[in-house]
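Notes to accompany the following structure.
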2 protein chains.
Amino acid sequence: MIPPLLEEIRERLDEFTATERKAAHALLANYPMQGLGTVAQFAKAAGVSSPTILRFVARLGFPGFADFQARLRAELENQLNSPLARSSVMETDASVDGDPLMDKLVENVRETFAHLPRGELQSLIRILADEKRTVYLLGGRFTDALARYMAAHLRIVRPNVVHVAGQQGNWLDQLIGMGPKDVLVVFDIRRYQAEIVRFAEAAARQGVTVGLITDSWMSPIGRIAAHVLPARVAVPSPWDSSTALMAIAELLIAGVTQENAERSQTRMKALEDLRNAYDPKRTGDDLL
Amino acid sequence: MIPPLLEEIRERLDEFTATERKAAHALLANYPMQGLGTVAQFAKAAGVSSPTILRFVARLGFPGFADFQARLRAELENQLNSPLARSSVMETDASVDGDPLMDKLVENVRETFAHLPRGELQSLIRILADEKRTVYLLGGRFTDALARYMAAHLRIVRPNVVHVAGQQGNWLDQLIGMGPKDVLVVFDIRRYQAEIVRFAEAAARQGVTVGLITDSWMSPIGRIAAHVLPARVAVPSPWDSSTALMAIAELLIAGVTQENAERSQTRMKALEDLRNAYDPKRTGDDLL
DNA sequence: GCAATCCTGTAACAAAAAATACAAACGTTA
DNA sequence: TAACGTTTGTATTTTTTGTTACAGGATTGC
């Protein structure tokens, strides 16, 4: 964080000469914009001459006016990038847009939330936050990406997260270890793939708690699932949309994070440290 | 109230020429500071020449660069002087549900669409629909799931779709084959991973057309990307949301499908047949 | 009240930055 | 593939801007 020049000027106000103080006042009155124009503009606003502005800047310790401006810009940038200020700079509300697909996508998310059974959501979150359980995530041909996404996030806030992926043959290896203490989250929408259903059923038979995110018509897994979260997936396109599923996934992720906030925080910090220690030069790590 | 130049630039993004867009991206990436320095600094940051910057501001309707800067300063001044004056988000329709996260997710998708540069979207779709190009998809730690999702869909409607995934070492193997005829779609949001940026840069150097789906602050890749689609990702949670990114991905998928409807239909039919012939008892196939 | 010193503005200068002219490169279309 | 129009960067010019030199004027100490 860059220490604000503003404070320094206030404190050192009496070091300046009378006219320099006029300059200082003009700057403080419209900080920091006044300093971002030209010397002449600054001088005029302060009611002094250009050289006075230069002397003022020099006394502050800057080699030249350009350096002074650079400092002001850096400060502003720093300030604007803080999360609080950001929203107000950027945000404007805009109107609706004609595209039917866009409209439907927005509506789907809204409708999904409107009809989302809060109880189901909350209890699934609570189960997912329980770190004594191992969480398994499974998706179909397209929804596998969602399972992956959710796994990537959950792994950060809690231990024992497994994304059931890759060769189907290997799925069975996962199945062996699953028991009544564990939980399986399945993403399954229309064209309910047989192998997904079979896997979920097998897991249920072993006492695993099954959470299901599905479309409104509901997958056959719904019959065995302990918690079902239905989403709107219909769009004017040959495919179903996964945007609402993603939205639900994010609700779950956020819920689990919040459900056990300290643990999440601790783990996030620890991971950050690990990553830095592992290779300070690199910002992230590999995808898996 | 001065209407933010930011939004205007976003919306008129497709009026600009390719290099002017680079300038626009550089400005949006560091708005509005980038515009408050000199033309030369701006040009260097955007990776273009000074005259391009001047043409850019001219096209925005400013008589000269100084006027442009004055406008930026005025905007900032206006904004800094009204700390909480703009809680404008409230004006939108009443939330069906009290949950702030749900509200924000819906709003993000709506806002993303509202400000999505249609020209950028259309031209990226057209490029992605061109089957003579090979499509490469790349994502970061979390957004890799989106790249995967999009790849899974695109593979159905067109040939030559590659999801750049797995060990980073293998990425280079992909890089070898990439050339000016090809296109790379990158998902990259805050915490822009160095290796993603590097890969995109390397691809660009080989003449690959780069399409970027990113957050509003825009990734460093924006500088080299031919087409940028910004999404709202901020949510009241420790993470950024990918729901809007998913929505954009689905727009692209639907667009490509529609852009060449017959081919899509033919391929979908052919795949269906193949799948049935391969194993009539099974409904789907493996994930990869 | 005088002189020495410190401020301050005017004006000239030098540096830079903005703006322009032009030519090369690019993509596009016939 | 050739020729057109567009776009883009290089080089140059022109303007603006920051900077400095200097002299008049205010201020303070003796």
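Letters A, B, ... are given to chains in the order of the sequence lines, protein chains preceding strands, and every chain is numbered from 1. All values reported here derive from a predicted model rather than from experimental measurement.
Distance check, rounded to the nearest 0.5 Å: CZ of B:Phe113 to CG of B:Asn108 gives 11.0 Å.
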(message) Just to be sure I follow the notation: if a pair is Watson-Crick (purine N1 to pyrimidine N3 plus N6-O4 or O6-N4) or a G-U wobble (N1-O2 and O6-N3), each under 3.5 Å, what dot-bracket string does DNA chain D give, with | for pairs to another strand?
(response) ||||||||||||||||||||||||||||||
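Applying the side chain to side chain donor-acceptor pair (under 3.5 Å) rule to B:Arg126 yields no partners; only residues at least two apart in sequence or on another chain are considered. Under the salt bridge (charged side-chain N to carboxylate O under 4.0 Å, His left out) criterion, A:Glu11 pairs with no residue, sequence neighbours left out. Residues satisfying the salt bridge (charged side-chain N to carboxylate O under 4.0 Å, His left out) criterion with B:Arg158, sequence neighbours excluded, are absent altogether.
Going from atom CD1 of B:Ile53 over to atom P of D:dT10 covers 13 Å, rounded to whole Å. Counting to the nearest Å, the C1' atom of D:dT8 and the CZ atom of B:Arg21 are 14 Å from each other. Look at CZ on B:Phe56: it is 16 Å from C1' on D:dT7, rounded to the nearest Å. Here D:dT17 presents its P atom at 16 Å from CZ of A:Phe42, a figure rounded to the nearest Å. The distance from atom CG of B:Leu36 to atom C1' of C:dA17 is 16 Å, rounded to the nearest whole Å. Nucleotide D:dT17 holds its P atom 17 Å from the CZ atom of A:Phe68, rounded to whole Å. For B:Leu54 and C:dA19, the CG to P distance is 5 Å, given to the nearest whole Å. Atom-to-atom, NZ of A:Lys44 to C1' of D:dT16 comes out at 16 Å; the value is rounded to the nearest Å.
Residues B:Glu75 and B:Tyr31 have side chains that bring a donor and an acceptor to within less than 3.5 angstrom of each other. Inspection of the B:Asp144 and B:Tyr149 side chains reveals no N or O donor paired with an N or O acceptor under 3.5 Å.
Other residues, nucleotides and ligands contribute over 12 non-hydrogen atoms within 6.0 Å of the CD atom of B:Glu8. The 12-atom threshold is exceeded at CD of B:Glu201, counting heavy atoms of other residues, nucleotides or ligands nearer than 6.0 Å.
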Between the protein and nucleotides 7-9 of chain C, are there any N/O to N/O pairs under 3.5 Å, and if so, what are the atom names and distances?
residue, atom, partner, partner atom, Å
C:dT8, OP1, A:Thr19, N, 3.0
C:dT8, OP1, A:Thr19, OG1, 2.5
C:dT8, OP2, A:Thr17, OG1, 2.2
C:dT8, OP2, A:Thr19, OG1, 2.5
C:dT8, O5', A:Thr19, OG1, 2.5
C:dG9, OP2, A:Ser49, OG, 3.2
C:dG9, OP2, A:Thr52, OG1, 2.7
C:dG9, N7, A:Arg55, NH2, 3.1

Would you list the atom pairs, donor with acceptor, under 3.5 Å between side chains in residues 38-46 of chain A and any protein atom, with sequence neighbours excluded?
residue, atom, partner, partner atom, Å
A:Thr38, OG1, A:Ala40, N, 3.4
A:Thr38, OG1, A:Gln41, N, 3.1
A:Gln41, OE1, A:Thr38, N, 2.9

